[in-house]
Number of protein chains: 2
Amino acid sequence: MEPHEPDLTAVPVTNVLAALADDVRLQIVRALAEGGEAACGSFDFGVSKATRSHHLKVLREAGLTRTRAAGTSRLVRLRRDELDKLYPGLLDAVLTQRPPA
Amino acid sequence: MEPHEPDLTAVPVTNVLAALADDVRLQIVRALAEGGEAACGSFDFGVSKATRSHHLKVLREAGLTRTRAAGTSRLVRLRRDELDKLYPGLLDAVLTQRPPA
DNA sequence: GGTGTTGTTCGATCATTGTCGAACAAGGGT
DNA sequence: ACCCTTGTTCGACAATGATCGAACAACACC
């Protein structure tokens, strides 16, 4: 099963934005930004594991995350450096949890 | 016909991102960022005027643009100041046209 | 008033996508 | 070998969304 992690420069901006434009995925990205590398199972946001796996696939194929196997788990991490280099400010703008202010 | 332009702070981030995660709308936003205020009709990106109107509505309701009537036309402009204040770096990150690198 | 321009709204259609349960695959442990 | 844990994949289904033509509304101009 190839991880299928694209070159970020080859991913259209709209794909990156679409990947971030979902509540569950945004929560995953926030968790990764705070906690660093994490196992897929650690993201329990009221969705089934099938759905979670789907979201992680979307994030991976949009170039936002990398995945590596570790035993029976898979560890996911944000491609923060690349993202900040290619889209400076994007993650920072999106990651900060905003109060309903 | 109420313009229905929401307070930006009341719009979920995912809505803002979703509004930007479309090729036609991104072209509109880019055109607005470059040319300032423009009439709806000036955005001719291979879609019908019904579709164009739809996209402008999405942008407006996501808090990205403001619209004002001017004769039979409607002038649209980017809410850049507000966006830059609430999501610093977002527009800059997204607006720059990237070559297929 | 009539005509033309500019947008919006209304169905309708079609593609995309978020969601789930169930089946499957790969490891680890005993 | 067996089982349990962890994820992925496979349909299937429902909801959303992009798109269009046609009808409508508002305004300007003659």
Side-chain angles (χ1 to χ4, degrees), chain A residues 1-6 11-32 35 37-77, chain B residues 1-6 11-32 35 37-77:
Chain A
M1 210 57 24
E2 290 306 304
H4 203 191
E5 291 169 357
V11 179
V13 197
T14 47
N15 286 28
V16 178
L17 293 170
L20 292 170
D22 177 279
D23 213 45
V24 175
R25 288 196 290 269
L26 203 47
Q27 291 184 68
I28 294 178
V29 171
R30 287 199 179 109
L32 286 175
E37 210 173 30
C40 300
S42 65
F43 313 111
D44 195 357
F45 304 113
V47 293
S48 74
K49 58 179 182 171
T51 302
R52 186 199 330 158
S53 193
H54 162 68
H55 285 309
L56 289 170
K57 184 180 184 180
V58 172
L59 288 174
R60 187 183 348 114
E61 294 184 346
L64 291 172
T65 59
R66 287 196 191 279
T67 305
R68 67 186 178 95
T72 105
S73 296
R74 278 161 182 267
L75 296 183
V76 186
R77 66 181 188 281
Chain B
M1 207 58 25
E2 291 305 306
H4 203 191
E5 292 169 356
V11 179
V13 196
T14 47
N15 286 29
V16 177
L17 293 170
L20 292 169
D22 178 278
D23 213 44
V24 175
R25 288 195 291 267
L26 204 45
Q27 290 184 70
I28 294 178
V29 170
R30 287 199 180 108
L32 286 175
E37 210 173 29
C40 300
S42 65
F43 313 111
D44 195 357
F45 304 113
V47 293
S48 73
K49 58 178 181 172
T51 303
R52 186 198 331 158
S53 193
H54 161 69
H55 285 308
L56 289 169
K57 184 180 184 180
V58 172
L59 288 174
R60 184 178 356 110
E61 295 186 344
L64 291 173
T65 59
R66 288 197 191 279
T67 305
R68 67 186 179 94
T72 105
S73 296
R74 278 160 182 267
L75 296 183
V76 186
R77 65 181 189 281

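Residue numbers begin at 1 in each chain, while the letters A, B, ... track the order of the sequences. The structure displayed is predicted, hence computed values, not measured ones.
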Residue set satisfying salt bridge (charged side-chain N to carboxylate O under 4.0 Å, His left out) with A:R68, at least two apart, ordered chain then number -> A:E37

Rounded to whole Å, CG of B:D44 lies from P of D:dC20 at a distance of 11 Å

Contacts of B:S53 meeting side-chain contact (heavy atoms from CB on, under 4.5 Å) (sequence neighbours excluded), chain-then-number -> none

Check your understanding: Would you call B:R60 and B:E5 a salt bridge, taking side-chain N to carboxylate O under 4.0 Å as the test?
Key -> no

Separation of D:dT6 atom C1' from A:L75 atom CG, nearest Å, is 12 Å

Between NZ of A:K57 and P of D:dT6 the distance, given in whole Å, is 22 Å

Atom CD of B:E61 and atom P of C:dT8 are separated, to the nearest Å, by 11 Å

Which pairs, protein N/O on one side and nucleotides 18-21 of chain C N/O on the other, fall under 3.5 Å?
from	atom 1	to	atom 2	distance (Å)
C:dG18	OP1	A:R25	NH2	3.1
C:dG18	OP2	A:R25	NH1	3.2
C:dG18	OP2	A:H54	NE2	3.1
C:dT19	OP2	A:H55	NE2	2.5
C:dC20	OP2	A:S48	N	2.8
C:dC20	OP2	A:S48	OG	3.4
C:dC20	OP2	A:T51	OG1	2.9

Note: B:A39 and B:S73 closest approach over all heavy atoms is CB-CB, 4.4 Å

When every non-hydrogen atom of A:C40 is compared with those of A:V76, the smallest separation belongs to SG-CG2, 3.8 Å

Residues passing the side-chain hydrogen bond (donor to acceptor under 3.5 Å, both in side chains) test with A:S42, sequence neighbours excluded, are none

So do the side chains of B:L56 and B:T65 get within less than 4.5 Å of each other, counting heavy atoms only?
no

With sugar-phosphate taken as primed atoms, P, OP1 and OP2 and all else as base, the protein-contact string of nucleotides 25-30 of chain C at under 4.0 Å (heavy atoms; B, S, -) is --SS--

Here the distance between atom C1' of C:dG7 and atom CZ of B:R68, to the nearest Å, is 16 Å

Exercise for the section: Under 4.0 Å between any heavy atoms, over every strand shown, what does B:S53 touch: base, sugar-phosphate, or nothing? Just pick one. Expected result: base

The complete set of side chain to side chain donor-acceptor pair (under 3.5 Å) pairs with one or both residues in residues 13-26 of chain A, sequence neighbours excluded, reads A:R25-A:H55

inquiry  = Once you apply a heavy-atom cut-off of 4.0 Å, does A:A69 come out as touching a base, just sugar-phosphate, or nothing?
reply    = nothing

A:L56 atom CG is separated from D:dT6 atom P, nearest whole Å, by 15 Å

Rounded to whole Å, the CG-P distance (B:L59 to D:dG17) equals 14 Å

Minimal heavy-atom distance between B:V16 and B:A62, with the atoms involved, is CG2-O, 3.8 Å

